[in-house]
Amino acid sequence: MPLTFANPGEKYTLLKIKGKEEEKNFLTGLGFTEGVDIDVVSRLDKSLIVNVRGARVALGTDMAKKLMVSGS
């Protein structure tokens, strides 16, 4: 499922990054790689705050929907 459907307070594992090559490179540069654990901290209006590799990252819904995750 896309990260946009994730619930705050739950942990997920990143399965795949979709999108154009430049979008994939941008997300990889933020620490999003296949197999990484993601904690959803909160959901704001049109964005998510997540913990990835010990850092908090804010993602807009257009970027969050490119991250395919599964619950862990």
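The first residue in the sequence is number 1, and the count goes up from there.
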Seminar exercise, completed: Students should find that the hydrophobic cluster of Leu44, defined by side-chain heavy atoms under 4.5 Å apart, otherwise consists of Val41, Ile49
Exercise. When clusters are formed by joining ILVMFWY residues with side-chain heavy atoms under 4.5 Å apart, either directly or through shared neighbours, do Leu15 and Phe5 land in the same one?
Worked result: no
Exercise. Looking only at heavy atoms, what is the nearest atom pair of Lys65 and Pro2, with distance?
Worked result: O-CB, 3.8 Å
For this session: For Lys24, enumerate each residue passing the side-chain contact (heavy atoms from CB on, under 4.5 Å) test, keeping only those at least two apart in sequence or located in another chain.
Result: Ile17, Glu21
Exercise. Is there side-chain contact between Leu67 and Val50, with heavy atoms separated by less than 4.5 Å?
Worked result: no
Seminar exercise, completed: Smallest heavy-atom separation, Ala64 atom then Thr4 atom, equals CB-CG2, 3.7 Å
Exercise. Which residues satisfy the side chain to side chain donor-acceptor pair (under 3.5 Å) test with Thr33, sequence neighbours excluded?
Worked result: Arg53
Problem set entry | Listed once per pair and sorted, the side-chain hydrogen bond (donor to acceptor under 3.5 Å, both in side chains) pairs that draw on residues 38-49, sequence neighbours left out | none
For this session: Mind checking salt bridge (charged side-chain N to carboxylate O under 4.0 Å, His left out) for Glu34 and listing every partner two or more places apart, or none if nothing turns up?
Result: none
Exercise. At what distance, to the nearest 0.5 angstrom, does NZ of Lys66 lie from CZ of Phe32?
Worked result: 13.5 Å
For this session: Please name all residues satisfying side-chain contact (heavy atoms from CB on, under 4.5 Å) with Ala6, sequence neighbours left out, ordered by chain then number.
Result: Leu3, Tyr12, Val40
For this session: Check whether Leu14 and Met1 end up in the same hydrophobic cluster, where Ile, Leu, Val, Met, Phe, Trp and Tyr are linked by side-chain heavy atoms less than 4.5 Å apart.
Result: yes
Problem set entry | Shared hydrophobic cluster for Val69 and Val36 (ILVMFWY, side-chain gaps under 4.5 Å) | yes
